[in-house]
Each structure stands twice: as C-alpha cells, then as structure tokens.
Amino acid sequence: MAEQARKTLEERAQMTDLERLRHSCAHVLASAILRIWPDAQLAAGPPVDSGFYYDMELDHRISPEDFERIEAEMKKVVKENQKFERIALSRQEALEMAKSGKLGGLSERSEPSKFKLDILENIPDDEEISIYQNDEFTDLCAGPHVGFTSKCKAYKLMNVASAYYKGDSNNPQLQRIYGTAFPNKTELAAYLEQLEEAKKRDHRKLGRELELFTIDEEVGQGLILWMPKGAVVRQALQDFISEELAVQGYSQVFTPHIGKLDLYRTSGHYPYYQDSQYPPVVDRETLKGLADEGCGCAELSNRLEAGEIDGYLLKPMNCPHHIKIFAATHHSYRDMPVRLAEFGTVYRWEMSGELGGMTRVRGFTQDDAHLFCTPDQVEGEIIGCVNLVKKVLTTLGIKDYRVRVGLRDSDSTKYVGEPENWDRAEQSLRNVATTLQVPFTEAPGEAAFYGPKIDFLVKDVIGREWQLGTVQVDYNLPERFDLSYIGSDNESHRPVMIHRAPFGSMERFVGVLIEHFAGHFPTWLAPEQVRVVPISEKYHEYAETVLAKLRELKGLRVTIDTASEKVGAKIRLAQLDKVPYMILIGAQEEESKQVSIRHRNRGDLGAKDLSTFLEDVESEIRERSL
RNA sequence: GCUCAUGUAGCUCAGGGGUAGAGCACUUCCUUGGUAAGGAAGAGGUCACGGGUUCGAAUCCCGUCAUGAGCUCCA
C-alpha cells in the first residue's frame, strides 16, 4: 500500500519530538527485554499513533504479568542515563554484527540476529546504514532518538499481542509488546484517564446498557439483534435517508436476501470470493442425490465451483439484484441516470477474529444504491452522492472524519475499463474531494479493480478507523452483465455504474454513532424522547392527561414513570437512560396547568405551558437539531 | 484464521480442590417524597460447554465455543 511505502531516511528524520521519544522508549524496552531474556530475537520497534511497540521472537510467552518485571528493568535503563549514540557503518560491518548476534542484542550471541539480517538485506544499496547504541544494546536503526535514556520518564506497557513478521501471514508470528510514552507523568496520566473515559463510550457497553442491540451466541457470531430501542434509532436514520433519496430522484426497490450461484458466477464473485461468503445453499433433493452417490464435501465444493450443481448464495452485496432490475427494462439515454436504492441486507463470512460489536459483523444492512449513468453523467452523480454523505455527516455533527480517494496504481494492468474514463472519474473524485473542505488523502492502489472510489473514514473510541460512507465507480459489472442503453445516436451504449452508501452499513454506522454521542442521541434519534415523571401517586391522573396530550404529537416517543420512588430516583433513572426531556408533574403543575421541564444536559428549565413545550420539541425533531 | 488473555446471577465483579457470594437491577410490602440512589423482605446461578485427574472439580489439566486486544483480511 502506498500509505505504508518504505520511508526515506529524510522522511524518518522528520519524526516529531513525541515520536522520537517513543522510538527511544522502544529501545529502552528492547534493552530491558534483552537483560531478562538475552536470547530474544528482535524485529522492529517503531513509534505509532498511541505509543510504540517492539516485535520479538522469544520462547517465553510474555503475559501482562511480566510487565512489572520488564518495567522495573526499563526503569533501571532510564536511571543509568545511557547515551543514545548514532554510528554509521558499512553494510559489511553491519552484516558481521548481525551474524554475530550483537546487532539487536547486548553482546555477541550463539545465534545470528536473523530479523536484523533480513532487514539489512532489504535496505536499498544507496541508503546509509546506521546503528544506535545505548550502553551495551546495539540496534540497527535509522533514528532519530532523544539524547539520553533519562528522557524516557513517563511510559507504560499497555498490552502484548502478536503480529506477523513484516505483516505477512506467511511469516512467523512474533510477540509484540505495546507501550505508550509521554514527555512527563502528568501527560501520561491524562492519556490513561482519557482511555478510561473512552471505554465508557464504547458502543458495546452502551449498546447493552441502553438496550440498543444484542448478539446471541445461539443466533451466531457477528449477527446483530436490534432491540426495540436500537430499532427506533435505525428507523429514524433510514427515514432521514429516505427523505433525501426522494429529493435526489432515487427509486426505492426491494430484493431477496439470496440469489442463484449463476448470478454470482456472472458477477465474478463466485467462486473467487468464496472464503468470505457463507457456504452455498443446495436444495434437499440434490443433496440427497449426491449423498446417495457417496459424494463428499470436497467433491460437493468442486462441483459447485465447476457449475455442475446449482445452489443459492446469501447475497454478499446488492449490486447483482439491482443490475437485474435495471436490465429488466430497456433504457434510453433520456431516462438516465437510473438510481436504484435499497436498505439491502448482505452476509459476509468475516474471519472470526475480525468480528466485534456492531462495527465488524457477518450480516449487515447497507443503505445501498446503484446509479446507472452515461459516461458524461458520472461526475455530476459523484457530486450528488458525495453531497449526500456530507449532509449525513453534517446533520449528525460528525466533523472528525477523513476522506480517502482510492486511485489506480501507476503501473498496473489489473484494472478494467478505458483509461480515459478512469482519468475522468479519478479527476472527478479529486475535484469533489477538494470541495469538501476536509483533509483528504489520495491513495494510489486503493481503487478497486473495477473503478476508483472515495471513502469516508471515522475513528471509534479506541482510535480504530472505520470506513463509513463510500462512493465507488464501476466499469466492470455493466460489462459482465452486458448492460446497455440506447444513446441519442440510436446506438447501444454501455452505462457506468456508481455504488454508494452514505452510512456504509446501518450496523457500523449506528455503532460509531453511539460512541460519537456517548449514547446521548439528539432528540430526533432518541429511542425515548420525553418521560413524564409524576412526583407521587396523587398526581398520576393529571400526569396521564399530560401523557395523552404529548401523544397527540404523532410519533413523539414518550413514556411515564409511575414507580413508587422519590423524584430524585426517577430523575436519576431518566438521566441514566439518557432521555432528553423529563416532565415533572406535582401539585404546582396540577394547580397552574403547566409542566416543569428538565433537560438531560441543561438541567431544570422551569415551568412552561405544555403547548409551548410541544412546539419546541416538534421543531427540534423536525429540524433534526443536535 | 493466528497469538495472548478472559468466561461465576440480567449487569458489574469477589472468591477458589470440600458442594455458591456482594452491589445494582428484578418481585412484593411499607413509604407519597420537588430535580441524579427512601426502607424492608423475597426470588434468582449445573460457576460457558464437553472430557480428564481426584474420594471429591466452579476451582487443576485437555478440547470446544464465545468475548476482548493485536495481526492478517475487508469484493
């Protein structure tokens, strides 16, 4: 990937002060590890967004219980105030050092430092080789570092994980120790505090507490069960999108959740992406016949692949179904573009280690649409799609996002479609991205083989980045399905497809949204918008009449709390449930025929006429205020 | 899928080779209280599942499943 291309020495030298500190901490960690386990084979130890890590191969399985010991050893290294010294040396000298085990070690060892040797062999010939030395520890390293180990005074080992050497799953798995570091203890404490705070917003925790969704083992991994309150949020979001679709001239369609294998043979998704699909569904009679023939699983799989047996696939995407709707009628250039939208549920067999909460699941509903347009319409449609994504993010107050434009590799022939069309589409995406006024990166090589795309990425509470909205141009599927429209020249032409999903998927989007709002959904999205709280049983009757009037505002989600509790407890409960408005009803209200309003964030708002409150809430919901 | 960790009541967790604990939530009763926790009683668990060691396993061992972190992957 271009974003991870090998950095030049100059780029490395541009490390920020914090990165430099963390990089040095990684060396301190390595020194400590080697003092405890001299045989450790070190790989690489760079700074990262949240701290630093060091990868190593070691027979001893490091567990968090070892951290105390390792940190104590690190503390000694820091106290010794060792000098970080840069030494430039020849390739030959470095190789000798690695072979002797001294490089990436404390002294010469019986085994060569194999990872350091491998790294050395991959350093371009024209690049200068340097090592960094602090006390007896020597590491192959381009630097830079802080001057002395004493600068590393605020660090903490965070967790241990595993990573493939060089990120390639064919390579051995190494133990990776993650740590974080800051210039001083105050900043470190603040960061750890912030991490604790972030955990409270985790959508998995809030999803359970607020009863938004659940995942049940017996139903299956990665399959989201939307509970009543979560369903309200989702429905409100879908209604919002549906309104915009009507404005932008989309047509809504519905399609089934499965399709025949042949459909995916035509689209090219079967058998090539089999690993990420639920296995095909084969009808009972066919299965029985095969069983009678003594056909085993492997044989079944082969014959499915060869197309000798038919079956159905849970749909891994909605495109083929929409394409068939497009293809069901003749099209003239006059009725292009055709925009087909559907909240379409798809199923993908994600690897089990990848699943988590609502953000990575095996069944999800895309707010999907496919636009069939003439080549001339592509740019205009891209603009429309991107504006929709922008509107969604703006309405929800999501400002902290990143835009990535996925383009072709410079030198590849793996792409389908005319290069001129690609040039135009890529330029259109670029143009649109610049008008967004948010940072965007161009990512060569990130394009799909079938077309360039633009993705919107946001971070979750623990800093992981998720792709939400996406707009992708597709030159491939119209070809494979032989789609056409009649142009003004009375000739048949190939349309261009655009796939787009402003939310991405309802599951992932709501997951990210829960964290974005920390569960405090704006009134228009809140599962429960108003709660009537009678002060005591004496006022239940009046409270019920207030409730009835509130319910006259159609669609207002309002409940009443008639529990035999004191007001304080009822308010606490409503606060914990994150209900935007509480209406208190007691003697004063019954007397004055008003209601006392409390807002979950703004506190006591005093007494108001019920009609005034209703007008305010109605407009707040209509405007989708934050 | 891989590495490591974790799995005890609805939730948060304590305990730990001798037969199950707390707080919150829940049910009932008392209380009728004005802006974040009134009181009492009760009910609730094959300690994830399967196998092994043992006189005895929730506890130790192995396997499976699930969850978490990271890696890899994401048409």
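Because only heavy atoms are used, hydrogens play no part in the values below, and waters and symmetry mates are left out as well, while side chains stay in. Below, chain A is the first sequence line, B the second, and so on; all start at residue 1.
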**Q** Taking NZ from A/Lys205 and C1' from B/rG68, how many angstroms apart are they, rounded to a whole number?
**A**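 It works out to 15 Å between those atoms.
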**Q** Across nucleotides 2-9 of chain B, 5' to 3', mark each nucleotide with B, S or - according to how protein heavy atoms within less than 4.0 Å reach it.
**A** BBS-----
**Q** Is a side-chain donor or acceptor of A/Arg480 paired with a backbone partner of A/Thr266 at a separation under 3.5 angstrom?
**A**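 Answer holds: yes.
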**Q** Please state the C1' separation for the pair B/rG68 and B/rC30 - nearest whole angstrom.
**A**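 Per the computed distance, 45 Å lies between those C1' atoms.
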**Q** Taking the same atom, P, in B/rA14 and in B/rU53, what whole-Å distance lies between them?
**A**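 It comes out at 31 Å once rounded to the nearest Å.
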**Q** Using atom P of each nucleotide, how far apart are B/rA48 and B/rU6 to the nearest Å?
**A**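 Rounded to whole Å, the distance is 13 Å.
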**Q** B/rU67 phosphate, OP1 or OP2: any side-chain N/O from A/Gln221 under 4.0 angstrom?
**A**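 Yes, such a contact exists.
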**Q** On a plain distance test, is the side chain of A/Arg348 in donor-acceptor contact with the base of B/rC73 below 3.5 Å?
**A**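 Such a pair does not exist between side chain and base.
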**Q** Please check this pair: side chain of A/Asn171 against backbone of A/Gly167, looking for a donor-acceptor N/O pair closer than 3.5 Å.
**A**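 No; judged by distance alone, with no hydrogens or angles, the pair does not exist.
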**Q** Rounded to whole angstrom, note down the C1' distance from B/rA5 over to B/rU54.
**A**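 Roughly 28 Å separates the two C1' atoms.
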**Q** Taking 4.0 Å as the cut-off, does a side-chain nitrogen or oxygen of A/Arg464 come that near to OP1 or OP2 on B/rC71?
**A**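 Result: no.
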**Q** Side-chain N or O of A/Arg204 versus OP1/OP2 of B/rG68: is the shortest distance under 4.0 Å?
**A**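 Affirmative; the distance criterion is met.
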**Q** Rounded to whole angstrom, note down the P distance from B/rU35 over to B/rA9.
**A**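 My reading of the P atoms in B/rU35 and B/rA9 gives 38 Å.
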**Q** Without decimals, in angstroms, what is the distance between A/Met158 CE and B/rG68 P?
**A**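 Interatomic distance, CE of A/Met158 to P of B/rG68: 18 Å.
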**Q** Quick one, A/Lys324 and A/Phe326 - any side-chain contact, counting heavy atoms below 4.5 Å?
**A**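 No, too far: nothing below the 4.5 Å cut-off.
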**Q** Does any nucleotide pair with B/rU28 by Watson-Crick or G-U wobble geometry, both distances under 3.5 Å, and what is it?
**A**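 Pairing partner, where one exists within any strand: B/rA40.
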**Q** May I ask you to decide if A/Gly179's main-chain N or O and A/Tyr54's side chain share a donor-acceptor pair within less than 3.5 Å?
**A**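 Not at all, since once roles are kept as given, no pair shorter than 3.5 Å links the two residues.
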**Q** Using whole Å, report how far CG of A/Asp460 lies from C1' of B/rG68.
**A**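 Roughly 13 Å, once rounded to whole Å.
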**Q** Base, sugar-phosphate alone, or nothing: which one does A/Gly504 contact when heavy atoms must sit under 4.0 Å apart?
**A**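 Nothing: the residue A/Gly504, judged by heavy atoms under 4.0 Å, touches no strand.
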**Q** Could you work out the separation of B/rC71 and B/rC13 based on their C1' atoms and round it to a whole Å?
**A**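 Pairwise C1' distance, B/rC71 against B/rC13, rounds to 31 Å.
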**Q** When you compare B/rC49 with B/rA57, how far apart are their C1' atoms, in angstrom units rounded to a whole number?
**A**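 Each nucleotide's C1' atom is 15 Å from the other's.
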**Q** Looking at A/Arg408 and A/Pro444, would you say the former's side chain and the latter's main chain have a donor-acceptor pair under 3.5 Å?
**A**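 Checking the backbone N and O of A/Pro444 against the side chain of A/Arg408, no donor-acceptor pair under 3.5 Å is found.
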**Q** Check whether any side-chain N or O of A/Asn159 sits under 3.5 Å from a backbone N or O of A/Ile177 as a donor-acceptor pair, and report yes or no.
**A**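 No, because the side chain of A/Asn159 does not come within donor-acceptor range (under 3.5 Å) of the backbone of A/Ile177.
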**Q** Between B/rA25 and B/rG10, how far is it from one C1' atom to the other, in whole Å?
**A**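 Looking at atom C1' only, B/rA25 and B/rG10 are 7 Å apart.
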**Q** Ignoring hydrogens and geometry, is there a side-chain-to-backbone donor-acceptor pair from A/Ser505 to A/Phe364 under 3.5 Å?
**A**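 Not confirmed, A/Ser505 side chain does not pair with A/Phe364 backbone.
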**Q** When you check the phosphate oxygens OP1 and OP2 of B/rU12, does a side-chain N or O of A/Arg208 lie under 4.0 Å from one of them?
**A**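 Answer is yes, contact under 4.0 Å.
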**Q** Figure out the CD/C1' separation between A/Glu218 and B/rA48, and round it to whole Å.
**A**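 My rounded result for the distance is 13 Å.
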**Q** May I ask you to say what A/Phe449 touches in the nucleic acid, namely base, sugar-phosphate or nothing, with a heavy-atom cut-off under 4.0 Å?
**A**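 The residue A/Phe449 makes no contact with any strand.
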**Q** Is the distance between the ring centroids of A/Trp349 and A/Tyr278 less than 6.0 Å?
**A**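 Close enough - the centres of the two rings lie under 6.0 Å apart.
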**Q** Within the 4.0 Å limit for protein heavy atoms, which parts of nucleotides 31-39 of chain B are touched? Write it as a string from 5' to 3', B for base, S for sugar-phosphate only, - for none.
**A** BBBBBBBB-
**Q** Look at all strands and tell whether A/Gly268 reaches a base, only sugar-phosphate, or nothing, counting heavy atoms closer than 4.0 Å.
**A**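 Counting heavy atoms under 4.0 Å across all strands, no contact is made by A/Gly268.
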**Q** NA contact type, A/Tyr53, heavy-atom cut-off 4.0 Å: base, sugar-phosphate, or nothing?
**A**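 A/Tyr53: no heavy atom of the nucleic acid under 4.0 Å.
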